[in-house]
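Here's the structure, in structure tokens; my notes come after.
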Protein chains: 2
Amino acid sequence: MGQAEQKTSRKPRADSLRNREKLLRAARDVFSAGGPEASLEAVARTAGVGIGTLYRHFPTREALFRDVYAHEVDELEALAGATSSAADPVEALRLWLHAAVGMVATKKGMLAALAPAVDSTDPFFAETTSRTRGAVERLMARAVASGAIRDDVSAEDVIRALIGMCYTRDQPGWQPTVLRLLDVFVDGLRTGPKG
Amino acid sequence: MGQAEQKTSRKPRADSLRNREKLLRAARDVFSAGGPEASLEAVARTAGVGIGTLYRHFPTREALFRDVYAHEVDELEALAGATSSAADPVEALRLWLHAAVGMVATKKGMLAALAPAVDSTDPFFAETTSRTRGAVERLMARAVASGAIRDDVSAEDVIRALIGMCYTRDQPGWQPTVLRLLDVFVDGLRTGPKG
DNA sequence: TTGATAAACGGAGGCACCCTCCGTATAACA
DNA sequence: TGTTATACGGAGGGTGCCTCCGTTTATCAA
């Protein structure tokens with residue numbers, strides 16, 4: 001006893017896989033607009049599936065949130081890869097930061113509201129955090145190697161600056177302001193005299 | 001026109017005043033347990049009044065929250081006055097910090113969740129913040145004057161440390177840990193050699 | 001003291017959200 | 001093409017938000 005019999009299981013149903021994807025896309029949109037506290041029923045509505053289907057795929061809000069978050073980190077990494085092949089390495093970094101602001105819009109309230117709430121030893125968040133840091137490190141290494149930016153600022157510093165600037169994300173029209181501040185910051189990173 | 005006729009208004013009803021007090025007491029308890037997002041119906045239930053009465057006295061959650069917050073700041077100031085008359089000035093500061101942790105428990109999630117959300121130019125929060133800072137400044141001035149603690153740490157620094165340490169307030173059993181950390185911090189403030 | 005009345009009370013009601021449960025529909029397999 | 005494991009949808013019960021209004025009551029004048 002205790003040995004569960006294992007029957008050759010069927011392959012997952014096609015509609016199930018489709019709905020999962022629809023839910024993830026919808027969750028990205030809805031969390032983007034309303035933050036991680038947004039209504040799950042709104043997610044289901046947006047996805048065009050029943051609320052029961054949402055809960056079957058993602059038993060808790062956290063489960064859904066994590067998948068969305070992991071997806072965003074994937075995109076950030078991919079974006080870093082893409083821009084890093086661009087001409088000017090500093091421009092690549094700048095573009096990446098701008099894209100990251102777009103992601104913070106998606107993760108509205110996420111960093112402040114969830115990261116501290118979750119046990120920081122949580123392997124999931126540790127992993128995604130380090131992946132993000134790695135992406136920034138690669139971007140910066142190129143710019144430093146080319147001598148375009150100073151070498152005494154770490155990827156963590158840049159991310160911290162990014163997060164800090166995004167702290168105003170609750171005020172209306174924050175995004176253009178933050179983008180401008182980031183441009184100033186990037187200018188500050190550049191080596192050589194001004195004017 | 002436009003001149004509202006002023007009739008000698010009656011004096012406020014006694015039950016109204018009573019209920020307001022009951023609501024404030026209840027709000028303090030309920031916010032203490034559940035943070036500023038706690039159920040207003042729970043507040044009304046705890047106060048033993050109808051939900052309509054709550055909304056009549058405090059038309060918005062913010063209105064209720066502010067009154068509770070102002071009350072807490074009053075207490076912090078009063079406490080600073082009380083402990084400052086105590087024997088050892090460093091001990092006075094330490095006691096005040098411990099009491100402040102109790103207040104953060106009441107204001108669960110308040111600093112992180114509300115302070116940045118509210119426009120920081122908001123006169124209400126500016127005023128309460130400066131009152132709190134003033135209280136700490138007075139406590140520290142005494143300790144500095146007596147030569148017991150270093151003089152290169154500002155009241156704002158101390159408050160920042162307090163807030164930072166309280167960032168773990170979501171984890172179970174955070175309070176004893178924070179109190180211990182604060183004691184260590186206060187020891188760090190002391191002048192003179194160790195051991 | 002007693003009535004009139006302004007003021008306050010309480011909670012029902014309409015809406016949204018959370019999550020569970022289960023009858024129905026359907027994709028996978030034989 | 002039939003069987004059946006799997007997934008679907010949404011009703012339903014609970015909670016909270018806030019408004020509205022019929023009822024109660026404290027105040028004040030006679």
Side-chain angles (χ1 to χ4, degrees), chain A residues 4-27 29-68 108-109 113-114 117, chain B residues 4-68 108-110 113-114 117:
Chain A
E5 91 271 48
Q6 70 208 86
K7 40 181 66 176
T8 345
S9 56
R10 296 180 168 194
K11 79 177 177 189
R13 279 172 58 159
D15 55 349
S16 175
L17 270 52
R18 263 199 312 274
N19 282 335
R20 188 186 182 83
E21 280 314 302
K22 280 199 272 185
L23 280 165
L24 281 173
R25 269 196 297 276
D29 291 350
V30 172
F31 283 155
S32 167
E37 317 282 278
S39 155
L40 295 186
E41 301 208 322
V43 172
R45 275 196 300 274
T46 305
V49 306
I51 184 66
T53 298
L54 183 150
Y55 276 97
R56 199 171 323 101
H57 283 287
F58 305 98
T60 67
R61 174 184 293 273
E62 170 102 348
L64 178 56
F65 177 77
R66 285 188 174 202
D67 270 20
V68 171
K108 194 182 174 196
L114 277 187
Chain B
E5 92 273 46
Q6 71 209 87
K7 41 180 67 174
T8 347
S9 56
R10 297 181 168 191
K11 81 175 175 188
R13 281 173 56 157
D15 53 350
S16 175
L17 270 50
R18 263 199 313 273
N19 282 336
R20 187 186 183 82
E21 280 313 304
K22 281 200 270 183
L23 280 166
L24 281 173
R25 268 196 298 276
R28 209 146 25 114
D29 291 350
V30 172
F31 284 156
S32 168
E37 316 282 279
S39 155
L40 295 185
E41 301 210 322
V43 172
R45 275 196 300 273
T46 304
V49 306
I51 185 66
T53 298
L54 183 149
Y55 276 99
R56 198 171 324 99
H57 284 286
F58 305 98
T60 66
R61 172 184 295 272
E62 170 101 348
L64 177 57
F65 176 76
R66 285 189 175 201
D67 271 21
V68 170
K108 193 182 175 196
M110 178 195 243
L114 277 189

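Per chain, numbering begins at 1; letters A, B, ... match sequence-line order. A quick note: this is a predicted structure, and the numbers were derived from the prediction, not measured.
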In this structure, how many angstroms lie between the [atom2] atom of [N] and the [atom1] atom of [X], rounded?
X       : N      : atom1 : atom2 : answer
B:Arg18 : D:dT27 : CZ    : C1'   : 13 Å
A:Arg10 : C:dA30 : CZ    : C1'   : 10 Å
B:Leu64 : D:dC18 : CG    : P     : 11 Å
A:Lys22 : D:dC8  : NZ    : C1'   : 11 Å
B:Arg20 : C:dA7  : CZ    : P     : 17 Å
A:Asn19 : D:dT6  : CG    : P     : 17 Å
B:Phe65 : D:dC17 : CZ    : C1'   : 18 Å

Problem - Under 4.0 Å protein heavy-atom contacts per nucleotide of nucleotides 17-24 of chain C, with B for base, S for backbone only and - for none - result: BBBB----
Practice task
Using only side-chain N and O atoms of A:Thr53, determine if any of them is under 4.0 Å from OP1 or OP2 of D:dG9.
Solution key: yes
Practice task
For D:dA7, take OP1 and OP2 only and decide whether either is under 4.0 Å from a side-chain N or O of A:His57.
Solution key: no
Completion exercise
Checking A:Leu24, A:Asp29, A:Leu54 against A:Val43 for side-chain contact (heavy atoms from CB on, under 4.5 Å), the one that qualifies is A:Leu54
Heavy-atom closest contact ([X] atom, [Y] atom, distance):
X       : Y       : answer
B:Leu40 : B:Ile51 : O-CD1, 4.0 Å
B:Ala27 : B:Leu64 : CB-CD1, 3.7 Å
A:Ala38 : A:Phe31 : CB-CD2, 4.1 Å
A:Lys22 : A:Ala47 : CD-O, 3.6 Å
B:Leu17 : B:Pro12 : CD1-CB, 3.7 Å
B:Val49 : B:Asn19 : CG1-OD1, 3.4 Å

Between [options], spot the one nearest the side chain of [X], thanks.
X       : options               : result
A:Lys11 : C:dA28, D:dC8, D:dC28 : C:dA28
A:Asp15 : C:dA28, C:dG10, D:dC8 : D:dC8
A:Arg13 : C:dT5, C:dC9, C:dT26  : C:dT26

Handout entry: Bend angle of the helix from C:dT1-D:dA30 to C:dA30-D:dT1, from helix axes over five pairs at each end, nearest 10°
Key = 0°
Exercise for the section: Report yes if some heavy atom in the side chain of A:Leu23 is under 4.5 Å from a heavy atom in the side chain of A:Thr46; otherwise report no. Expected result: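 The answer is no, as the side chains (C-beta and beyond) never meet within the 4.5 Å cut-off.
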Exercise for the section: Identify, between B:Pro12 and A:Leu17, the residue whose nearest nucleotide on DNA chain D lies closer to the 5' end. Expected result: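 The answer here is A:Leu17.
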Handout entry: Interatomic distance, A:Arg56 atom CZ to A:Arg20 atom CZ [nearest 0.5 angstrom]
Key = 12.0 Å
